[in-house]
Amino acid sequence: MAYNAFENFKAVVDKAAKAVNMSEQEYLLVKYPERELTVSIPVKMDDGTVKVFEGYRVQHNSSRGPCKGGIRYHQDSDINEVRALAAWMSFKCAVVNIPYGGAKGGIKVNPKELSLGELERLTRGYTAKIFPIVGPEKDIPAPDVNTNAQIMDWFMDTYSALKGYTVKGVVTGKDLDVGGSLGRPEATGRGVTIIALELLKKLKVSPKDTTVAIQGFGNVGSNAAKFLYANGCKIVAVSDVSGGIRCEKGLDIDKVLAYVGNKKNLLKDYDEDGVEHITNSELLLTKCDMLIPAALENQITKENANDLKCKYIVEAANGPTTVEADDIIAKKGIILVPDILANAGGVTVSYFEWVQNLQSYSWELEEVNKNLERIMVNAWNDLDAVAAKWNINYRLAAYVVAIQRITKAQNLRGLFL
Ligand code: GLU
């Protein structure tokens, strides 16, 4: 059967609930998204023709607060993917205990094929189409795969124009000058690093003795590489859409970052002494201590999980590992820290951005980073305790924490109808 991310999500939910003896009645609602919207977005292209793009916004659960989650622009995006990504957001926000539900948006498009003007018109068209269901108290989008601060700025501007006044808190991940937060661009990578270092501390392993391979060198992967490298880890392989590079003695990450800093540079053309070129699939099977998938979902599957040569996996992407692969990973004794904790640094600083917007007040960078660290470490400790209590792996522990927090809120609120 073709991979369906939302089915995968539900399978893990059932497994986690079973591990702690919950009956399906107790958690039934988390298996259903609250609201889904599919829109058609007509865009006037530069050559004068009109193209119609399909877009989505799914709100999975709002028991704990307004829905929150990014928007991705990708040619393979579809409603099943966005539905799963929305559910993972509810779970992620619950795991780090911030007062949000979960949502996600997507547009089926390869943004690299659009001019800047076309991208802006597409973004404004999408914003107008989902306008009725978003807002600072309802649902707050953010960047995700192939979207960035500029796209969030256009989103905020369009929403504000339709409202008749500036509404900064409708979206996070904006540029600083229009209500963005210090520390937001690098927050997901920083959070991944905080969690990776907590794991090493627990295992009494020094970062200096840790080799790391990272799949994906976008915002999340490149920042995780930067911070882990700065903390002494040896980064032995990284990859982007064009392919990967590997170096047993460790890559000079400052050099790689400077090279890709020029957006046109792809890793396939990177040249350095001792560097070999590999494919993205080879990257996943690189011999290393810590593997960090930081690209897309459905990367570690039952087809390649048996061949993994790492000791730990820290999931920086959303949903990189399938439920079947989880079992193989557990059997191989690989310790996996799941996405809904490991990559929650982004949405956590998005939460700080929203709080600053609502208060018309800005925090210093130290304030942002200190609070991010506190929230991530607390969440890690909560997860570790639940894993120990029930003798379950971190994936199931994270789902248990999320299910318990969401259903608790749901039960306290009760059913309206
Ligand atoms: N897209 C990011 C995620 O998957 C951030 C979401 C947000 O900041 O709302 O967690």
Side-chain angles (χ1 to χ4, degrees), residues 5 9 56-62 64-74 77 81-107 130 134-136 138-149 151-152 155-156 168-175 179-192 194-195 216 218-221 223-224 293-297 314-320 337-357 368 371-372 375-376 379 398 402:
F9 163 78
Y56 321 94
R57 187 73 186 170
V58 175
Q59 296 169 345
H60 171 258
N61 192 292
S62 60
R64 291 172 40 85
C67 294
K68 185 85 190 80
I71 303 166
R72 76 170 47 176
Y73 289 178
H74 198 275
S77 191
E81 179 195 56
V82 175
R83 194 180 285 144
L85 289 162
W88 286 324
M89 285 310 302
S90 306
F91 275 42
K92 193 184 298 185
C93 294
V95 162
V96 286
N97 216 354
I98 57 177
Y100 283 139
K104 204 81 172 199
I107 302 179
I130 68 165
V134 293
K138 292 192 212 173
D139 179 357
I140 307 111
D144 196 74
V145 174
N146 291 335
T147 54
N148 55 22
I151 291 174
M152 299 308 117
F155 191 102
M156 187 273 279
K168 290 184 180 169
V170 66
V171 66
T172 58
K174 302 177 294 294
D175 275 300
S181 175
L182 288 168
R184 177 63 186 88
E186 64 274 27
T188 312
R190 188 180 285 280
V192 169
I194 293 169
I195 295 300
N219 171 282
V220 180
N223 276 303
L296 292 171
E297 57 270 13
V314 177
E315 293 184 327
N318 289 310
V337 185
D339 47 3
I340 57 172
L341 171 67
N343 72 25
V347 72
T348 300
V349 178
S350 273
Y351 166 50
F352 302 156
E353 180 174 332
W354 177 77
V355 166
Q356 292 170 74
N357 291 159
V368 170
N371 279 289
L372 172 63
I375 287 183
M376 296 298 289

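Ligands are counted one by one from 1 in listed order, and the atoms in each one are counted from 1 as well.
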Would you check whether Glu353 reaches within less than 4.0 Å of ligand 1, judged by its heavy atoms?
no

Per-atom filter on ligand 1: closer than 4.0 angstrom to a heavy atom of Val347 are 7 (C), 8 (O), 9 (O)

Check Arg72 against ligand 1 and report side chain, backbone, both or neither, counting heavy atoms closer than 4.0 Å.
neither

Flag Pro143 as yes when one of its N or O atoms lies below 3.5 Å from any N or O atom of ligand 1, and as no otherwise.
yes

Counting heavy atoms under 4.0 Å, the part of Lys104 that contacts ligand 1 is side chain

Enumerated ligand 1 atoms positioned under 4.0 Å from heavy atoms of Ser350:
7 (C), 8 (O), 9 (O)

Please identify which atoms of ligand 1 are closer than 4.0 Å to at least one heavy atom of Lys92.
3 (C), 4 (O), 10 (O)

Atoms in ligand 1 flagged as close to Met89, the criterion being non-hydrogen separation under 4.0 Å
3 (C), 4 (O), 6 (C), 10 (O)

Before signing off on this row, confirm whether Lys68 and ligand 1 have an N or O atom pair separated by under 3.5 Å.
yes

I'd like to check whether Asn318 has a polar contact with ligand 1, where a contact means an N/O of the residue lying under 3.5 Å from an N/O of the ligand.
yes

Those atoms of ligand 1 less than 4.0 Å from some heavy atom in Gly69
9 (O)

In terms of atom number and element, which parts of ligand 1 are under 4.0 angstrom from non-hydrogen atoms of Asp144?
1 (N), 2 (C), 4 (O)

